[in-house]
Asks: 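Structure below; questions to follow.
All of these numbers come straight from a predicted model, not from anything done at the bench.
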Amino acid sequence: MTTRAPASTAGLVILLLTAAGWGLNWPAMKLLVGELPPLALRAWPGLAGAAILACLALAMGESLAVRAAVLPRLILISLLNVTSWMGLAIFSLYWLSASEAAITCYTMPIWTVIFAWPVLGERPTARRLIALAIGFAGVAVLMLGHGIEIGLAKLPGVLFASGAALLFAIGTVVTKRWPVTMPPLAGAAWQVGIGCVPLMALSLAFEAVDPATVSASRWLLLAYAALVPLCICYAGWFAALRRLPASVASVGTLMAPVVGVIASAIALGEPFGAREVLALVLTLGGVVLAARG
């Protein structure tokens with residue numbers, strides 16, 4: 001049975017800034033969905049972010065060398081934390097608003113609590129099982145608030161977003177159980193880079209991309225996606241995860257949907273009424289309860 005490690009102040013600050021950066025990315029991705037194919041939309045900024053991280057790592061004197069014993073673990077974590085999260089989350093935006101996708105994707109801390117039992121030895125309590133029901137009640141309110149037919153029409157988006165949350169949660173506990181012992185920037189560069197390779201391969205095979213059709217404002221959003229969520233935030237996430245318990249790190253990501261919902265209401269004019277507030281309160285309440293239990 002594992003014991004709970006204390007949360008460091010530095011880890012919490014890094015985590016909150018990371019979550020805020022991820023939250024602002026949701027309305028940006030929603031705006032970009034109409035101008036670039038989904039896989040290219042994640043692969044291009046992702047590989048650019050990985051290159052920036054690699055350059056920063058070298059500038060800071062970090063080695064990019066990867067030991068053979070670490071490579072299988074590195075690939076697995078990259079596929080879970082980057083490939084599945086980025087790929088599935090972007091597809092959810094074709095059926096969901098940016099705020100709906102953000103709230104659904106950030107049920108991940110609840111899944112983390114569940115998977116922490118077999119992987120980390122953290123047995124779920126009755127409180128955590130109740131929290132699971134409350135959290136998913138929030139998603140149900142969000143999806144079915146306008147009627148069953150509209151809710152069913154959004155079901156593919158919910159499945160994509162939930163799949164992203166589930167696999168990211170598995171990646172979180174796997175990272176805690178079998179950490180990749182590499183310098184922080186170098187480790188983030190490799191994980192983002194490896195995670196984006198399958199997305200780029202699929203994009204080249206199945207998507208037609210014409211950069212000339214992308215407007216100047218959208219190029220700025222792509223630059224933001226490369227520099228902040230896929231470069232600074234991923235480096236921050238892995239740095240925070242080394243300093244914090246898995247449950248605390250997962251709960252800290254709850255700032256992302258809050259920022260995402262508010263930013264989407266401001267930037268995209270998405271609704272922010274009683275239904276959205278109730279869904280957010282239920283989902284976040286369930287996650288906080290799960291982490292405390």
Asks: Linking I/L/V/M/F/W/Y whenever any side-chain heavy atoms sit under 4.5 Å apart, do Leu17 and Leu15 land together?
Replies: no
Asks: How about Pro229 and Tyr224: do any of their side-chain heavy atoms sit closer than 4.5 Å?
Replies: yes
Asks: If we only count heavy atoms from C-beta on, is the Trp95 to Phe160 side-chain gap below 4.5 Å?
Replies: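 Heavy-atom side-chain distance check passes, below 4.5 Å.
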Asks: Decide whether Val13 and Trp237 are clustered together by the hydrophobic rule: side chain heavy atoms of Ile, Leu, Val, Met, Phe, Trp, Tyr closer than 4.5 Å, transitively.
Replies: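 No; tracing contacts between hydrophobic side chains, which count when under 4.5 Å, never links both residues.
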Asks: In Å and rounded to the nearest 0.5 Å, what is the CZ to CG distance from Arg67 to Leu74?
Replies: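 Reported value, rounded in 0.5 Å steps: 11.0 Å.
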Asks: In terms of hydrophobic clustering (I, L, V, M, F, W, Y; side-chain heavy atoms under 4.5 Å; direct or indirect links), are Leu204 and Met86 co-clustered?
Replies: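 Yes; tracing contacts between hydrophobic side chains, which count when under 4.5 Å, links both residues.
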Asks: Quick check on the hydrophobic clustering: are Met108 and Ile14 connected, directly or via other members, by side-chain heavy-atom contacts under 4.5 Å?
Replies: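 Different hydrophobic clusters.
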Asks: Within the side chain of Thr107, is there an N or O that forms a donor-acceptor pair under 3.5 Å with the backbone of Ile103?
Replies: no
Asks: When you check the side-chain N and O atoms of Glu270 and Ser99, is any donor under 3.5 Å from an acceptor?
Replies: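 A pair is found: one side chain offers a donor N or O, the other an acceptor, under 3.5 Å apart.
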Asks: Less than 4.5 Å apart, side chain to side chain, heavy atoms only: is that true for Val228 and Leu24?
Replies: no
Asks: Just so I know, are the side chains of Pro38 and Val33 near enough to count as touching, which here means a heavy-atom distance under 4.5 Å?
Replies: no
Asks: Indicate yes or no: at least one non-hydrogen side-chain atom of Leu39 is less than 4.5 angstrom from one of Phe206.
Replies: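 Side chain of Leu39 against side chain of Phe206, heavy atoms only: no contact under 4.5 Å found.
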Asks: Going from CG on Leu41 to CD1 on Ile90, what distance comes out if it is rounded to the nearest 0.5 angstrom?
Replies: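 These two atoms lie 4.0 Å from each other.
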Asks: For Trp190, is the CH2 atom crowded, meaning more than 12 foreign heavy atoms sit under 6.0 Å from it?
Replies: no
Asks: For Ala189 and Leu53, which heavy atoms make the closest approach, and how far apart are they?
Replies: CB-CB, 3.6 Å
Asks: With distance as the sole criterion, is a donor-acceptor pair present between the side chains of Arg42 and Ser203 under 3.5 Å?
Replies: no
Asks: For the atom pair OG (Ser215) and CD (Glu35), what is the distance rounded to the nearest 0.5 Å?
Replies: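 Going from OG on Ser215 over to CD on Glu35, the span is 4.0 Å.
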Asks: Are the side chain of Ser162 and the backbone of Leu159 linked by a donor-acceptor contact shorter than 3.5 Å?
Replies: no
Asks: Between the side chain of Lys30 and the main-chain N/O of Asn25, is any donor-acceptor distance below 3.5 Å?
Replies: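 Not a single qualifying donor-acceptor pair exists.
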Asks: What closest approach, in Å, do Ala208 and Pro37 show between heavy atoms, and which atom pair accounts for it?
Replies: O-CG, 3.6 Å
Asks: Looking at Val261, is its backbone amide N or carbonyl O close enough to the side chain of Trp26 to form a donor-acceptor pair, meaning the two atoms are under 3.5 Å apart?
Replies: no
Asks: Working to the nearest 0.5 Å, report the span between CG of Leu222 and CG of Leu31.
Replies: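 Rounded to the nearest 0.5 Å, the CG-CG separation comes out at 11.0 Å.
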Asks: Using modelled atom types and a 3.5 Å cut-off, is there a donor and acceptor pairing between side-chain atoms of Gln191 and backbone atoms of Val82?
Replies: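 No, the answer is negative, given that no donor and acceptor are paired below the 3.5 Å cut-off.
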Asks: Going from SG on Cys105 to CG on Leu166, what distance comes out if it is rounded to the nearest 0.5 angstrom?
Replies: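 Reported value, rounded in 0.5 Å steps: 11.5 Å.
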Asks: To check you understand the geometry: which heavy-atom pair defines the closest contact between Leu230 and Gly46, and what is its length?
Replies: CD1-N, 3.3 Å
Asks: Could you give the distance from CG (Leu185) to CG (Leu56), rounded to the nearest 0.5 Å?
Replies: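 Nearest 0.5 Å value for the CG-CG distance: 6.0 Å.
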Asks: Can you give me the closest heavy-atom contact between Leu64 and Ala186, atom names plus distance?
Replies: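 The pair with the smallest heavy-atom distance is CD2-CB, 3.7 Å.
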Asks: Are Trp85 and Leu76 joined in one hydrophobic group, where the rule is that I, L, V, M, F, W and Y side chains link up if heavy atoms are under 4.5 Å apart?
Replies: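 Linked, Trp85 and Leu76 end up in one cluster.
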Asks: Tell me whether the rings of Trp22 and Tyr234 are parallel (<30°), tilted (30 to 60°) or perpendicular (>60°).
Replies: perpendicular
Asks: Specify the closest pair of heavy atoms between Leu96 and Val158, including all atoms of both residues, with the distance to one decimal.
Replies: CD1-N, 3.9 Å
Asks: So which atom in Gly193 and which in Leu47 form the shortest heavy-atom distance, rounded to 0.1 Å?
Replies: O-CD2, 3.8 Å
Asks: Would you call Pro211 and Trp219 a side-chain contact if the rule is heavy atoms closer than 4.5 Å?
Replies: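 The answer is yes, as the side chains (C-beta and beyond) meet within the 4.5 Å cut-off.
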Asks: Ser92 side chain to Ala101 main-chain N or O, any donor-acceptor pair under 3.5 Å?
Replies: no
